Amino acid sequence: MSFVFSDKYVHGFVSKTEIDAVNGEVLAAHRMLVSRSGAGNDFLGWLDLPKNYDRDEVAAVKRAAARIRGLCDVLVVIGIGGSYLGARAAIEFVHGNYYNNKKKDTPDIYFVGNDISSAHLRDILALCEGRDLCVNVISKSGTTTEPAIAFRIFRDLLIEKYGKEGAAQRIFATTDKARGALRSQADTYGYESFVIADDVGGRYSVLTPVGLLPIAVSGIDIEQMLAGAAAAYEDFLEGDVRTNGCLRYAALRNLLYRKGKSIEILAVNDPALSMTCEWWKQLFGESEGKDGKGLYPSSAVYSTDLHSIGQFIQEGTRTMFETVVNVDAEDGFAVPADAENADGLNFLAGKTINYVNQKAHDGTVLAHTDGGVPNLSITLTSRGAYDFGYLVYFFEKACAVSGYLLGVNPFNQPGVEAYKKNMFALLDKPGYADRRAELESRLADIR
């Protein structure tokens, strides 16, 4: 098995008695989830998805991905939040950070519409110059500011390059099944489209067409990814905190939170998981950060970040714990010998890079736990599609149970609307402009 969860590095911080004492709470939260009786239960379409996904829809995704691969050199994916993080995380998890720079028979994939940076847009436009393009625009409403701006720009570019009909053949819309601006455009202009399910929130949507289409375009086997998620579904369906690693993780992070550990760092030892960290931060941050509660989700890539924030983790405020994802995947890439041994590293000659990385991992865990930072551990022995699917489902289910333990609705995100209302007022959007004077006055006072 490629996935192993361990709590052996937390024993000095949380006792077996404490874990046993919360078992009843955890089981109640789990029952609330699987019986669909808790808050946000209308957003649980992800829960059984690995077992019950629409096989015809996945086949259609694979056909569209093959068509995209045949049409273009570049796929531009337009989306924000859950509409891009999962797909980008999966592509980098399996292919590594330099997917676009590798020799391959699949298109380069660039992500836009996740910020409001003109410099970012200009850079991607420059990379697309002289190349054949397709666009996958992902938005339930079609009116979210960041992706809507980017879609206007790339839609106009496609029309200029291929004409209206040609552009329509190169635009793939993932949106609401019946409503919204993007659904209307897809129906009017004939874009091939896929549905964002009503019962799956954005941060839980990577194993739906939201994530699966760009993932499939990159050449990843999406059925293997779903198989990994299905295996996790089965593995974490039954049991309690003693036997179910997913429930145990949810219990431990809540126990640590109750002990004053208010920051969780997802620490990874492979840069290919950098975007997995970003996906994880959205998953837990949006799910738990409400009602004045929640662990703050942070991340680090080791050993790189040991030379930046490592000092703080080792000796700073004792308000954090780490969940370490250790990729222990041996590839035989070894440290060469040097006759002069100028750098003094011949003691490593012949040892594999992964072996050195594992010793760095072990040394770091021991140092951090000695320094008062509890560590939870997940070990992966490969970085394939199956592994990603398994890891995603583990975190999704743990997050849902953990949110119920915390006493919040893990499936809403009311706080994300606050900045939008202010931005719309300052931009004179109809229906919001009556607050502009008040906001500008407040800004002037701050300045």
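Sequential numbering from 1 along the given sequence is applied to the chain's residues. Model, not experiment: these values are computed from the prediction.
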Could you check whether atom [atom1] of [X] has more than 12 heavy atoms from other residues, nucleotides or ligands sitting under 6.0 Å from it?
X: R152; atom1: CZ; answer: no
X: K421; atom1: NZ; answer: no
X: K351; atom1: NZ; answer: yes
X: R435; atom1: CZ; answer: yes
X: Y355; atom1: OH; answer: no
X: Y296; atom1: OH; answer: no
X: F333; atom1: CZ; answer: no
X: K290; atom1: NZ; answer: yes

Between [X] and [Y], which heavy-atom pair has the shortest distance, and what is it?
X: D387; Y: S2; result: OD1-OG, 2.6 Å
X: P410; Y: Y204; result: O-OH, 3.8 Å
X: G384; Y: V94; result: C-CG2, 3.9 Å
X: K51; Y: A230; result: CD-CB, 4.1 Å
X: V401; Y: A29; result: O-CB, 3.9 Å
X: A65; Y: L213; result: N-CD1, 3.9 Å

Backbone N or O of [Y] within a donor-acceptor pair of the [X] side chain at under 3.5 Å?
X: K293; Y: V408; answer: no
X: N97; Y: P271; answer: yes
X: Q314; Y: A367; answer: yes
X: T144; Y: P147; answer: no
X: R203; Y: Q282; answer: no
X: K161; Y: L133; answer: no
X: D270; Y: V268; answer: no
X: K104; Y: Y99; answer: yes
X: N100; Y: I109; answer: yes
X: N136; Y: F172; answer: yes

Could you check D156 against E160 for side chain to side chain contact (heavy atoms under 4.5 Å, CB included), going step by step and ending with a plain yes or no?
CA-CA 6 Å; D156 289 353; E160 180 183 343; over 6 Å; no

Relative to each other, are the rings of F395 and W280 parallel, tilted or perpendicular (30° and 60° limits)?
perpendicular

Could you give the distance from [atom1] ([X]) to [atom2] ([Y]), rounded to the nearest 0.5 Å?
X: I171; Y: F151; atom1: CD1; atom2: CZ; result: 4.5 Å
X: R383; Y: H95; atom1: CZ; atom2: NE2; result: 10.0 Å
X: K261; Y: T319; atom1: NZ; atom2: OG1; result: 7.5 Å
X: L212; Y: L226; atom1: CG; atom2: CG; result: 5.5 Å
X: I116; Y: E146; atom1: CD1; atom2: CD; result: 4.5 Å
X: L49; Y: L44; atom1: CG; atom2: CG; result: 12.0 Å

Run the numbers on L121 and I124 for side chain to side chain contact (heavy atoms under 4.5 Å, CB included), then give the verdict.
CA-CA 5 Å; L121 281 170; I124 301 300; 5.9 Å; no

4.5 Å side-chain heavy-atom contact, [X] and [Y]:
X: Y191; Y: Q185; result: yes
X: R155; Y: Y189; result: no
X: I378; Y: F5; result: yes
X: V206; Y: E396; result: yes
X: D362; Y: K359; result: yes
X: L443; Y: L426; result: yes
X: W279; Y: V392; result: yes
X: V74; Y: Y110; result: yes

Note: [X]-[Y] ion pair, threshold 4.0 Å (strictly below):
X: R36; Y: D48; value: yes
X: E278; Y: R88; value: no
X: D105; Y: R69; value: no
X: R253; Y: E288; value: yes

Sole candidate of N354, N357, T381, N269 that passes side chain to side chain donor-acceptor pair (under 3.5 Å) when paired with D328:
N354

Could you tell me if the ring centre of F424 sits under 6.0 Å from that of Y432?
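So the answer is yes for these two rings.
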
All ring-ring contact (aromatic ring centres under 6.0 Å, His included) counterparts of H361, not counting sequence neighbours:
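Partners of H361 by the ring-ring contact (aromatic ring centres under 6.0 Å, His included) criterion come out as none, since no residue qualifies.
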
Under the rule for ring-ring contact (aromatic ring centres under 6.0 Å, His included), what residues qualify as partners of F93, not counting sequence neighbours?
F388

I'd like to know if the side chain of N254 pairs up with that of S402 as donor and acceptor (distance under 3.5 Å, no hydrogens or angles considered).
yes

D132 and Y162 side chains, donor-acceptor separation under 3.5 Å:
yes

Audit row: T106, V217, side chain to side chain contact (heavy atoms under 4.5 Å, CB included) steps and yes/no:
CA-CA 7 Å; T106 53; V217 170; 5.7 Å; no

Among Y390, Y393, Y249, whose ring-ring contact (aromatic ring centres under 6.0 Å, His included) with F236 holds?
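The ring-ring contact (aromatic ring centres under 6.0 Å, His included) with F236 is passed solely by Y390 among Y390, Y393, Y249.
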
Apply side-chain hydrogen bond (donor to acceptor under 3.5 Å, both in side chains) to residues T323 and E264 and explain how you reach the verdict.
CA-CA 7 Å; T323 296; E264 180 176 10; 2.6 Å; yes

Could you please spell out the steps behind the side chain to side chain contact (heavy atoms under 4.5 Å, CB included) verdict for S377 and N375?
CA-CA 6 Å; S377 174; N375 269 233; over 6 Å; no

